[in-house]
There are 2 protein chains.
Amino acid sequence: MPEVVDLGGFAKQSIALKRRTSLADGAADLLREMILLNKLSPGMPLPERDICAALGISRTPLREAIRLLNVEGLIEYSAARRPKVANPSLQEIAAYLRVQGALEALGGELACANATDQELENIAGLNREMIAMSGKEEPLVSFKRDMNFHCQIIAAGRNSPLVDTHATYNARLWRARFVSSQRKMGRGSTLREHQEIVDALLERDPKKTAKALKHHLDTAVSNISEVLEEQSRQLSSVL
Amino acid sequence: MPEVVDLGGFAKQSIALKRRTSLADGAADLLREMILLNKLSPGMPLPERDICAALGISRTPLREAIRLLNVEGLIEYSAARRPKVANPSLQEIAAYLRVQGALEALGGELACANATDQELENIAGLNREMIAMSGKEEPLVSFKRDMNFHCQIIAAGRNSPLVDTHATYNARLWRARFVSSQRKMGRGSTLREHQEIVDALLERDPKKTAKALKHHLDTAVSNISEVLEEQSRQLSSVL
DNA sequence: ACCATTATTTTGGTATACCAAAATAATGGG
DNA sequence: CCCATTATTTTGGTATACCAAAATAATGGT
């Protein structure tokens, strides 16, 4: 079965309706969301005209959207310059995580210095919710909570370029982390690591916070490695 | 005098000739270079049609180029969505430098683990050249040598997303660092800090390298602060 | 001479038409 | 039946035309 571009429930009006922004930005937002939610699988080709028809816009703004997502790393070009959904290898994901680890460590340090008590309390609250809800809600919901936890820490650091760059790496890693989270859900270690991060933040200890965040990202590397290696093993056994 | 878009020696054929790549990418490269070399001053408006005429291309590829440079942070949009050369405030530059510091620290750690002896030797060689040539060459030349020194370290870390992100931040910081370097050239401290970095690298000591790089970037913050504050003082005295 | 208001121009956003290269389908000889 | 070769279609790259909003110039009343 040749993968067909069917944008399902999304499409047309979604863009046209919320016309506060340009069609290009709207299309980029929509495509980004669809890639993150796995509505568009990695490696799937994105022929401009088909996507245009599905989104109800012309090629000019769509091409700008594709360019944007290309810079963000969610869309890549084949050798013949045909756009397709990015399909990062395990090595690339590991490379992303290394950088993300450094960014979050910096964010943690900055948060210790710049966050308000209220912000830290909110972060601690998010952590408590995650503990209370552990295993009792949909994977996507708890996953989003997890992502939000990290983003709040970065935001509290008050460095807007850092927020942007972190968001970009988050998008690149979203899929892999989501797949990973569905497998080894709630395996205690995640919650424990989050607790360490929160503790360090509340103490406003930059070094400790940075270390805790870096450690958390490191275990993410090994978790993702396991899951993805298992996947590729299953795949090769079918072929 | 209203700032006029005169692309001087650049323009037309520059893009059309080296047609290995798309016009959009070519235009982006050209504009990026012009912004970095200060051929286009910060804050200068970039009306699409004028730039098109100057570059000899149509609006479609140019707009894609502008989008690209916007994501990279070299071009920003006014409230009325008019593109202009980015003009980061001192606070923004400081924010960039913080992130760049974290990225370089990571790059240094990775270099300790992944660089070949040859690569480290090349980096050490660059450092020796800078010492030998100190104060004896054009500012732009020694500045480029300095930038190259840092880029080589990052490259030796073998993490391509890191290389890309570092390059982006480098571009955002290029102008500020160049202006700064012309003022307080060769003020020993730079050379001394570089030496510390090289020493740590040759020992392949990750922590030490990271620390040396972070320290180097921190002094860059204060240097740039001094220079730019002085500039704005002069400016306000004229007004 | 100044300000509010209207007319004109300029500007970014979008759609469409056309082209060359690449991919795919069709064809024919072994 | 298979493979090389040619014809057709599809695809991304580019230029251009048109529109609405914003900026600027022109106008007129005080």
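Below, read A as the first sequence line, B as the second, and so on, with proteins coming before strands; counting in each chain starts at 1.
Separating the CD1 atom of Ile57(A) from the C1' atom of dT16(C) is a distance of 14 Å, rounded to the nearest angstrom. Rounding to whole angstrom units, CZ of residue Arg49(B) and P of dT9(C) are separated by 15 Å. The NZ-P distance, from Lys84(A) to dA23(C), rounds to 10 Å in whole Å. Computed from coordinates, the Leu23(B) CG to dA21(C) P distance equals 14 Å when rounded to whole Å. Glu64(A) has its CD atom 12 Å from the P atom of dG12(C), to the nearest Å. We find that CD of Glu48(A) is positioned 14 Å from P of dA15(C), with the value rounded to whole Å. One interatomic measurement links the two molecules: CG of Asp25(B) to P of dG12(D), which rounds to 15 Å at whole-angstrom precision. Atoms CZ (Arg81(A)) and P (dA20(C)) sit 19 Å apart, rounded to a whole Å.
Within the structure, every side-chain polar atom (N or O) of Thr60(A) is placed at least 4.0 Å from both OP1 and OP2 of dT14(C).
The nucleotide whose nearest atom lies closest to any side-chain atom of Ala80(A) is, among dA23(C), dT16(C), dA15(C), dA23(C).
The residue among Ala24(A) and Arg82(A) whose nearest nucleotide of DNA chain C is located toward the 5' end is Ala24(A).
Crowding of Arg98(B) atom CZ: a count of heavy atoms from other residues, nucleotides or ligands under 6.0 Å not exceeding 12.
Relative to the ring axis of Tyr169(A), Arg172(A) places its NZ or CZ within 45° and under 6.0 Å from the centre.
Look at dC2(C): its Watson-Crick or wobble partner, with both distances under 3.5 angstrom, is dG29(D). Nucleotide dA23(C) forms a Watson-Crick or G-U wobble pair with dT8(D), both donor-acceptor distances falling under 3.5 Å.
Here the options are Gln152(A), Arg145(A), Lys144(A), the test is side chain to side chain donor-acceptor pair (under 3.5 Å), and the partner is Asn148(A); only Gln152(A) passes.
Interatomic distance, Ile153(B) CD1 to Leu120(B) CG, rounded to the nearest 0.5 Å: 9.0 Å.
At a cut-off of 3.5 angstrom, counting only N and O atoms as typed in the model, there is no donor on one side facing an acceptor on the other between the side-chain of Ser22(B) and the base of dT14(D).
Between Tyr96(B) and Trp174(B), the ring centre distance reaches or exceeds 6.0 Å.
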